[in-house]
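The structure under discussion appears below in the form of structure tokens.
Values below: all heavy atoms of this structure, side chains included; hydrogens, waters and symmetry mates excluded. Every number for a ligand or one of its atoms is a count from 1 in the order of the listing.
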Amino acid sequence: MEQKKGKLILFSGPSGVGKDTLLDILLRKDPTLQKSISITTRLKRENEHDGVDYYFITPDDFEAMLDSGDVLEFAKYGKNLYGTPKKPVDKWLSEGKTVILKIEVQGAAKIKKMYPLSTAIFIMPPSLEILEHRLRCRGTEDEDDLVRRLEIARGEIEKSRGYDYIVINDDLESAADEVLDIIEKIDKGGFILCSIRI
Ligand code: 5GP
């Protein structure tokens, strides 16, 4: 039987950089892309939908999923846990799809070890000042959470050097086109399902 291969894309960047908006544009421009929906213990924001943006679950349910081996990777970000459900990712890759994981830097490093041929893309803000401005305008966090996210952002930006590509999100449409270009150029045989070892 012919082996089917998919591409795995790790999509990271500091909170407020515009990852979700970029992802929406990417999926609109290329509906064949498959976005993984993470589980999180974070509370749902007003504009978010369960099963679309995340699966919003309790810490106990998160723990149970970890115990059952259904989580590919997970990380603590701020006070909350975030994780990638394993089964859908395995299935999409085996179907030859291009799968995008929205993931912070610790999780991306873990996945890169498990899937060395995955492609890691870091979305960079034009500056920290612009990032803070965007986060404040978004208005979804209280001051403590916002300050924590900016602190985490500094560390994440330092780690961006380990990524395969850095895309500056100055203009959403051109940043999305840049990401699509990168995905297009990945060698079609670049990711081999058999290399998965968990
Ligand atoms: P937010 O609370 O802003 O939605 O997400 C916080 C951070 O968690 C972001 O950097 C986001 O990319 C990351 N994140 C979302 N889902 C996952 C996941 O499944 N695993 C990991 N490691 N990080 C995630």
Does a side-chain heavy-atom distance below 4.5 Å link Y115 with L93?
-> yes
Output yes when a side-chain donor or acceptor of K7 lies under 3.5 Å from a complementary backbone atom of I183, and no otherwise.
-> yes
A75 neighbourhood, listing ligand 1 atoms whose heavy-atom distance to it stays under 4.0 Å = 22 (N)
Is ligand 1 less than 4.0 angstrom away from at least one heavy atom of R45?
-> yes
Backbone, side chain, both or neither: what part of Y82 comes under 4.0 angstrom of ligand 1, heavy atoms only?
-> both
Among non-hydrogen protein atoms, atom 20 (N) of ligand 1 lies closest to E73 OE2, 2.7 Å
Ionic contact status for E173 with R28, cut-off 4.0 Å | yes
Note: ligand 1 atoms sitting under 4.0 Å from heavy atoms of R42 are 1 (P), 2 (O), 4 (O)
Do E104 and K159 meet the salt-bridge criterion of a basic N to acidic O distance under 4.0 Å?
-> no
Would T58 and D60 count as having a side-chain donor-acceptor pair, cut-off 3.5 Å?
-> no
Which is closest to atom 22 (N) of ligand 1 in terms of heavy atoms, E104, R138, E156?
-> E104
Identify the two heavy atoms, one from A108 and one from S12, that lie closest to each other, and give their separation to 0.1 Å.
-> CB-OG, 3.8 Å
Under 3.5 Å, N or O to N or O, is K102 touching ligand 1 that way?
-> yes
So, the side chain of T40 versus the backbone of L81: is there a donor-acceptor pair under 3.5 Å, distance only?
-> yes
Please state whether K19 comes within less than 4.0 angstrom of ligand 1, counting heavy atoms only.
-> yes
Which residue and heavy atom of the protein sit nearest atom 15 (C) of ligand 1, plus the separation | Y54 OH, 3.3 Å
Given R136, which of E129, E141, E143 fulfils the salt bridge (Lys or Arg N to Asp or Glu O under 4.0 Å) condition?
-> E143
Among V105, N80, I103, closest by heavy atom to atom 21 (C) of ligand 1 is I103
Mark yes or no for whether K76, through its side chain, and N80, through its backbone, hold a donor-acceptor pair below 3.5 Å.
-> no
Out of curiosity, is K110 lining ligand 1, as in a heavy atom under 4.0 Å away?
-> no
Which of the listed options, P14, S38, G78, holds the heavy atom that is closest to atom 18 (C) of ligand 1?
-> S38
Using a 4.0 Å heavy-atom threshold (strictly under), name the region of F11 that reaches ligand 1: side chain, backbone, both or neither.
-> neither
For atom 3 (O) of ligand 1, closest protein heavy-atom neighbour | R149 NH1, 2.7 Å
